[in-house]
Amino acid sequence: MSFMEKLEGYRKKHLDLVWEGSFADYLLLVKQRPTVAALAHDRIYRMIEAAGIIDRGNGKREYTFFSKALFGLEEPIQTLVEEYFRPAAQRLDVRKRLLLLMGPVSGGKSTLVSLLKEGLAEFTRTDDGAVYAIKGCPMQEDPLHLVPHELRRDFQHEYGVKIEGDLCPVCRLRLEEEHCGRMEDMRVVRVFFSEANRTGIGTFAPSDPKSQDIADLTGSIDFSTISQYGSESDPRAYRFDGELNKANRGLMEFQEMLKCDEKFLWNLLSLTQEGNFKAGRFALISADELIVAHTNETEYRAFISNKKNEALHSRMIVMRIPYNLKVSQEERIYGKLIEASDIRGVHLAPKALWTAAVFSILSRLAEPKKMGIDLVKKMYAYDGVSTDGLKSGDVDELRKEYPDEGMSGVDPRYVINRISSALIRGDKTCINALDVLRSLKEGLDQHASISKEERERLLGLITIARKEYDHSAKTEIQRAFVYSFEESAHTMLNNYLDNVEAYCNGFKMKDPITEEEHDPDEKLMRSIEEQIGITENQKRAFREEILIKISSLARKGKTFEYTSHEKLKEAIEMKLFADLKDVVKITTSSSHPDETQLKRMNEVSKRLIEHHGYCAVCANELMKYVGSLLNR
């Protein structure tokens, strides 16, 4: 389908959503679908819920609405949804609080708010998120505000909808002058939220306190019309174009709220608590909207230390948005940011982003108090990777040690800037992990705002990240070499399985040549099992587990393959690599490889390129680098 055809389809879809009718027609819609009369918090929660919820077990849930763009923040987001959005949607008192997201710079606060704004605009174009307003109202007002207070109890009994709020000054005047108080004749239209059109979504950003005007929030007098209408208290002489007016029924983002002049903050007191605000020479104006602000921890601490701010602080719900603490998710963050750039023609080698993520996460972690656990083990444990010395449940205990963990450390913006610097430097066609680490180190050398102690700490973490990459690089080459010796791996596997079967069943083995009987080869079995840390006490359970797996596959008509048991596969690869270590060392470090070595290197390079995401350049560099490591 061409772009013009898609454009025509888009226009038609939009026209199909357009609706206009009388207030009486709207009441029929309310009776059929009461959700069209929902308040802002309810609408936002239904939007989040509609995107999907994944149950991760143990009371942990992932909200798909956020997880498509925010990585590694599942727990803070679950807290945000279940302790704020859900109870607010149920009209509990928490909805009368201003939502303040507090966390370190570049931690995802702005992204989270952007998701809410973009999602809400899209949700109002669906049947479940449809919003209707009084036609011509500058605040896209809820049509149910037309119902007199004396009749609202009867209305709730019949329609099952509770009405909150009063008509804005403009609609109150129009109801009397244009329709003689006949609310059923007022026209109602469907509205679509849009930040660009300033409908249902607003953003307020503080500027110079000397030039900032409260009118930016609440609207202002239109002096050109005062002579026509004769009074500043005539709603026709007032522009209801402040952010609080335009964000009615939806969401307003208050950027860097705590940097704002106090008079702007106090204006939010009645809005959060009573659902109305003061503007011009009018009575309190009703507003139904989520106010979401964000700030960093330093400004927040300064704010709450000021006794004058106690009233506003009591009307806030503060949600902590820390840095992500999972390496795999941090790697996704960098990948997303690079994909959004225009950099082309430069290949990013596997493990380059992973190594940068290791450095970032280590900088955000606190030293564990538990004996035998260091930062690296803690890092892997947080990412769900099994680690020696950590049992099930230890991760939760580690998290409880430092409740503020993740509120400081290297921010993603710094890392992506250094990766970008490495990508555009010189004429390299491929960037590997070592290039990224070098760029990170150079960035620290140029960073004037960090202390000498912090710089030394971060340099130490770069060294640790390098060690982790070295281990990963060896493993990558190991697996590629083992593949070229796959026949040897299968032979070793079959030999091991024959001995395990004889051991578990308690019978002798027969030599295929002499036909002499002998005990199972314990030395062979242990040489493989020790590669993955199977102790003497664990060996029987592990061997029996292998036999159970073989039996299970046999019942399904399947054969136990080299890859059927992940731990055994890893053990055989490690054992084979240990046996082949000298071969790998000689092959990868030879400056003038012979024909056999060259053939083997080409096989390994082909494997790295076809199955592991390497290009010819970084595959060759990896082999040379691992060769130098093995020669140390």
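This one's a predicted model, so the numbers in the text were calculated from it and none came from an experiment.
A salt bridge links D435 to R438: at least one charged side-chain nitrogen sits closer than 4.0 Å to a carboxylate oxygen. A salt bridge is absent between K567 and E545: the closest approach of a Lys/Arg side-chain nitrogen to an acidic carboxylate oxygen does not fall below 4.0 angstrom. For R301 and E297, the salt-bridge test passes: some basic side-chain N is under 4.0 Å from an acidic carboxylate O. Classification of K575 and E530 as a salt-bridged pair fails, no side-chain N sitting under 4.0 Å from a carboxylate O. Between K109 and E253, no side-chain nitrogen of the basic residue sits less than 4.0 Å from a carboxylate oxygen of the acidic one, so the salt-bridge criterion is not met. Salt-bridge formation is detected for the pair E529/R543: a Lys NZ or Arg NE/NH1/NH2 atom is positioned less than 4.0 Å from an Asp or Glu carboxylate oxygen. One finds a salt bridge joining E62 and R56 here, because a Lys/Arg side-chain nitrogen approaches an Asp/Glu carboxylate oxygen to under 4.0 Å. Contact check on R46 versus D42 returns a salt bridge, with a Lys/Arg side-chain nitrogen under 4.0 Å from an Asp/Glu carboxylate oxygen.
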Could you give me the CA-CA distance, side-chain angles and deciding distance for E164 and R91, then say whether salt bridge (charged side-chain N to carboxylate O under 4.0 Å, His left out) is met?
CA-CA 11 Å; E164 295 183 11; R91 300 196 189 218; 2.8 Å; yes

Do M316 and R97 pass the side chain to side chain contact (heavy atoms under 4.5 Å, CB included) test, and can you show the C-alpha distance, the side-chain angles, and the key distance before you say yes or no?
CA-CA 5 Å; M316 289 180 180; R97 304 288 183 272; 5.9 Å; no

Just do the side chain to side chain donor-acceptor pair (under 3.5 Å) check on E74 and Y63 with the steps written out, would you?
CA-CA 8 Å; E74 294 83 8; Y63 289 86; over 6 Å; no

Apply salt bridge (charged side-chain N to carboxylate O under 4.0 Å, His left out) to the pair D374 and K378, showing each step before the final yes or no.
CA-CA 6 Å; D374 58 17; K378 183 177 183 178; over 6 Å; no

Before you tell me yes or no, could you show the steps for E454 and S451 under side chain to side chain donor-acceptor pair (under 3.5 Å), namely the whole-Å CA-CA distance, both residues' side-chain angles and the distance that decides it to 0.1 Å?
CA-CA 5 Å; E454 178 65 5; S451 65; 5.5 Å; no

In sequence, state the C-alpha distance, the side-chain angles, and the governing distance for L458 and V410, and then conclude on side chain to side chain contact (heavy atoms under 4.5 Å, CB included).
CA-CA 9 Å; L458 294 177; V410 172; 3.8 Å; yes

From CA spacing to verdict: side chain to side chain contact (heavy atoms under 4.5 Å, CB included), I534, R526:
CA-CA 8 Å; I534 302 297; R526 292 300 295 142; 4.2 Å; yes

Does the side chain to side chain contact (heavy atoms under 4.5 Å, CB included) test come out yes or no for V318 and L99, once each step is laid out?
CA-CA 6 Å; V318 181; L99 176 61; over 6 Å; no

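L444 and L459 get closest at one heavy-atom pair: CD1-CD2, 4.0 Å. What you find for A89 and H41 is that their closest heavy atoms are CB-O, 3.9 Å. Here the closest heavy-atom approach between residue Q255 and residue A205 is recorded as OE1-CB, 3.4 Å. Here the shortest heavy-atom pairing between I321 and P104 reads O-CD, 3.4 Å. Taking each heavy atom of H294 and S110 in turn, the nearest pair found is CE1-OG, 3.7 Å. In this structure, L70 and G108 approach most closely via the heavy-atom pair CD2-O, 3.8 Å.
Applying the 6.0 Å contact sphere to CZ of R413 captures no more than 12 heavy atoms from other residues, nucleotides or ligands. For K441, the NZ atom counts as loosely surrounded, since its 6.0 Å shell holds 12 or fewer non-hydrogen atoms of other residues, nucleotides or ligands. Within a 6.0 Å sphere centred on NZ of K336, other residues, nucleotides and ligands contribute more than 12 heavy atoms. The 12-atom threshold is not exceeded at CD of E122, counting heavy atoms of other residues, nucleotides or ligands nearer than 6.0 Å.
Under a 3.5 Å cut-off, the side chain of N248 and the backbone N or O of A287 do not form any donor-acceptor pair. No donor-acceptor pair under 3.5 Å is formed between the side chain of Q329 and the backbone N or O of L325. Looking only at distances, a side-chain donor or acceptor of N296 sits under 3.5 Å from a matching main-chain atom of T298. The backbone N or O of R61 lies less than 3.5 Å from a partner atom in the side chain of Q78, making a donor-acceptor pair. Under a 3.5 Å cut-off, the side chain of T124 and the backbone N or O of G129 do not form any donor-acceptor pair. Of the possible donor and acceptor atoms, none in the side chain of Y323 sits under 3.5 Å from a partner among the backbone N and O of P412. Between the D288 side chain and the L39 main chain, no donor and acceptor come within less than 3.5 Å of each other. The backbone N or O of A352 lies less than 3.5 Å from no partner atom in the side chain of Y469, so there is not a single donor-acceptor pair.
E75 is linked by a side chain to side chain contact (heavy atoms under 4.5 Å, CB included) to K60, R399, counting only residues two or more places apart in sequence or in another chain.
At a cut-off of 3.5 Å, with distance as the only test, no side-chain donor of H347 or Y614 sits close to an acceptor on the other residue. Inspection of the S328 and E331 side chains reveals no N or O donor paired with an N or O acceptor under 3.5 Å. A donor atom on one side chain and an acceptor atom on the other are found under 3.5 Å apart for H313 and Y300. Side-chain N/O atoms of E83 and T79 include no donor and acceptor closer than 3.5 Å. Under the 3.5 Å distance criterion, with hydrogens and angles disregarded, a donor-acceptor pair is assigned to the side chains of Y382 and E405. Looking only at atom types and distance, the side chain of K117 has a donor-acceptor partner in the side chain of T203 under 3.5 Å away.
Under the 4.5 Å side-chain criterion, counting only non-hydrogen atoms from C-beta, L461 is in contact with I464. A 4.5 Å side-chain heavy-atom check between F359 and T463 finds every atom pair outside the cut-off. Counting heavy atoms from C-beta on, the side chains of E468 and W354 come closer than 4.5 Å. Counting heavy atoms from C-beta on, the side chains of E243 and D216 never come closer than 4.5 Å. Residues M102 and E299 fail the side-chain proximity criterion, which asks for heavy atoms closer than 4.5 Å. A heavy-atom distance below 4.5 Å is not found between the side chains of F204 and I291.
Remark: K68 qualifies as a cation-pi partner of F65 under the 6.0 Å distance and 45° angle criteria applied to the six-membered ring. Cation-pi check for K474 over Y625 is not met; the charged atom does not lie both under 6.0 angstrom from the ring centroid and within 45 degrees of its normal.
Residue pairs meeting the side chain to side chain donor-acceptor pair (under 3.5 Å) criterion with at least one member in residues 355-365, sequence neighbours excluded, are E330-R364, Y334-S360. Under the salt bridge (Lys or Arg N to Asp or Glu O under 4.0 Å) criterion, the residue pairs touching residues 306-320 are E262-K308, K307-E310, R320-D404, with sequence neighbours excluded.
With respect to L353, the side chain to side chain contact (heavy atoms under 4.5 Å, CB included) criterion is satisfied by exactly one of V436, I333, L348, L337: L348. The residue from L290, L244, L271, V292 that alone fulfils the side chain to side chain contact (heavy atoms under 4.5 Å, CB included) condition with M252 is L244.
Distance check, rounded to the nearest 0.5 Å: CZ of F254 to CG of L101 gives 14.0 Å.
In this structure, F542 and H565 have perpendicular ring planes: the angle between them is above 60°, well past the 30° mark.
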